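Note sheet for the following structure.
These figures come from a predicted structure and were not determined experimentally. Proteins come first, then strands; the chains are lettered A, B, ... in the order of their sequence lines, and each starts at number 1.
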Amino acid sequence: MIQVENLQKSYDGRRVLDRFSLTLPDSGVVCLAGASGRGKTTLLRLLSGLEQPDSGSVEGLAGRKMAFVFQEDRLLPWVTAAQNIRLAQPPGAKRPVQDLLALAGLDLEGKKYPDQLSGGQRRRVAFLRGIAFLEGAADGVLLLDEPFNGLDADASEKICRMIRDLPPQTLTVLVSHQLAPLNGLEASFFSMEEPV
Amino acid sequence: MKDFTTQNRIGTKIVRGIAVASIWLLLWQVAAQAVGQELLLVSPLTMLRQLAQLVRQPVFWQAVFSSCGRIMAGVLLALAVGTVLAALMSRFAFLYAFFRPALQVIKATPIASFIILALVWIKSGALGTFAAFLMVLPMVWANLYEGIAAVDQSLLEMAKAYRFSFGKKLRYLYLPSLLPYFAAACGTGIGVGWKAGIAAEVLGLPQNSIGKALYHSKIYLEMPDLFCWTAVVILLSLLFEKLAAFLLRAVTKRLAAVKGAGK
């Protein structure tokens with residue numbers, strides 16, 4: 001199990017997480033639900049190790065490979081969609097980028113640059129980059145911040161299918177305001193509604 | 001259709017460029033005829049005739065190649081040192097505090113002061129290189145330092161999250177982000193480098209140099225020569241600016257190619 005204990009995090013004196021504790025399973029899909037400003041994105045950033053808490057601890061994630069799909073797409077603007085994904089693949093990765101693109105319904109978009117893609121297409125490329133990064137990791141962790149933003153029902157379904165097809169030891173932690181696409185997934189829900 | 005449009009646009013640009021240049025040459029010719037004294041204002045036709053004679057002499061090419069070598073060595077050195085300095089000063093605050101005043105002093109000091117001082121220490125042959133280096137260095141540093149500070153922090157964080165190696169970060173994040181700043185530094189740096197380098201040659205009078213030829217034109221009141229050499233300096237400066245722009249475009253294209261992508 002992954003133990004999140006008494007996390008505290010403030011930005012410019014504003015407390016975003018206050019003695020926040022949570023137990024997460026080692027694998028499966030976990031959805032963090034809650035209104036804006038409850039610290040969901042902050043929690044993902046602390047889990048990823050991109051930021052350190054002011055106090056408190058996260059245990060059980062050491063040594064696991066983590067991919068973070070940010071709320072903003074953060075694609076490199078000067079390389080194509082396929083190249084953005086390829087750059088995240090580990091050395092010696094076998095899975096062709098074109099296969100990944102096809103799974104997300106982007107077969108014809110690989111050679112396009114981010115500014116030639118729609119918002120929903122960019123979102124999917126950012127998601128595929130995360131999937132590509134975890135290739136070969138049996139117990140990877142996929143952190144998804146609003147992965148369904150700008151996606152229609154069909155594209156969301158494709159994303160959910162790819163999450164389902166991840167190796168069984170993978171842990172997916174996602175933050176989303178849109179819960180409908182998750183219907184097809186066996187997800188555990190954790191509420192972060194308590195005011196901090 | 002797209003190719004046709006692009007070709008059309010390039011064609012229009014060339015025609016417009018030729019038209020503008022012709023108008024200026026015509027105005028110059030009219031002004032020279034109005035003044036009526038070649039000693040005061042050489043006409044473009046006289047200058048072209050003189051240039052046609054000069055290019056047939058080996059000494060002309062010796063001066064051109066020597067000055068090109070000296071000045072462009074200074075510019076290239078400034079590009080290399082300025083880039084390394086900007087990277088180090090962005091990374092280490094104490095280096096920024098240490099070097100910034102020196103670079104500001106260099107930027108504010110008249111080039112003539114440096115050249116006269118350097119005449120005591122440096123052989124006249126190296127003066128052009130030294131002057132070009134000194135004038136271009138702060139420019140390159142300032143541009144690239146600003147560029148490094150402007151690299152998208154969210155992309156840097158993405159690179160950290162996806163464990164980009166240093167080489168990958170350099171090639172796919174820093175270099176594309178910094179290329180516009182580097183191109184701007186090259187564009188202005190080459191022009192300034194030529195001005196400073198030629199000024200240093202005029203003061204230092206090294207053998208086989210454009211600066212020395214310019215100086216002799218002044219001493220012997222050879223106005224057609226003076227105009228010719230000035231035109232040569234302008235053309236060389238433009239040539240190297242265009243060459244740098246072409247090379248940077250090629251580098252940009254090369255950087256965009258990721259081996260194995262799109263499989």
Those residues of residues 120-152 of chain A that come under 4.5 Å of chain B on a heavy-atom basis, listed by number, are A:A126, A:R129, A:G130, A:F133

- Query: In terms of heavy-atom contacts, does CZ of A:F189 have more than 12 from other residues, nucleotides or ligands at under 6.0 Å?
  - Reply: yes

Should we say atom NZ of A:K158 is surrounded by more than 12 heavy atoms from elsewhere, each under 6.0 Å from it?
yes

Quick one: do A:D165 and A:R161 make a salt bridge, cutoff under 4.0 Å?
-> no

If one checks every heavy atom of A:P77 against chain B at 4.5 Å, the contacting part turns out to be side chain

Any side-chain donor near an acceptor of the partner, A:R19 and A:Q8, under 3.5 Å
no

Q | Test log, rule ring pair (Phe, Tyr, Trp, His ring centres under 6.0 Å), inputs B:F98 and B:Y96 | A | CA-CA 5 Å; B:F98 184 75; B:Y96 178 81; over 10 Å; no

By residue number, those in residues 127-163 of chain B with heavy atoms under 4.5 Å from heavy atoms of chain A are B:S154, B:L155, B:E157, B:M158, B:K160, B:A161, B:Y162, B:R163

- Message: Both conditions, 6.0 Å and 45 degrees, for the charged tip of B:K169 above the ring of B:F166: are they met here?
- Response: no

- Query: If you measure only the distance, is there a donor-acceptor pair under 3.5 Å linking the side chains of A:Q3 and A:T23?
  - Reply: yes

Requested in this report: Could you tell me how the ring of B:F92 sits relative to the ring of B:F94: parallel (under 30°), tilted (30 to 60°) or perpendicular (over 60°)?
Outcome: tilted

Notebook entry, point to check: Within a radius of less than 6.0 Å around OH of A:Y11, do more than 12 heavy atoms belonging to other residues, nucleotides or ligands occur?
Noted result: yes

Whatever's closer than 4.5 Å to a heavy atom in chain B on A:R95 counts as neither

Do NZ/NE/NH1/NH2 and the carboxylate oxygens of B:R70 and B:E201 come within less than 4.0 Å?
yes

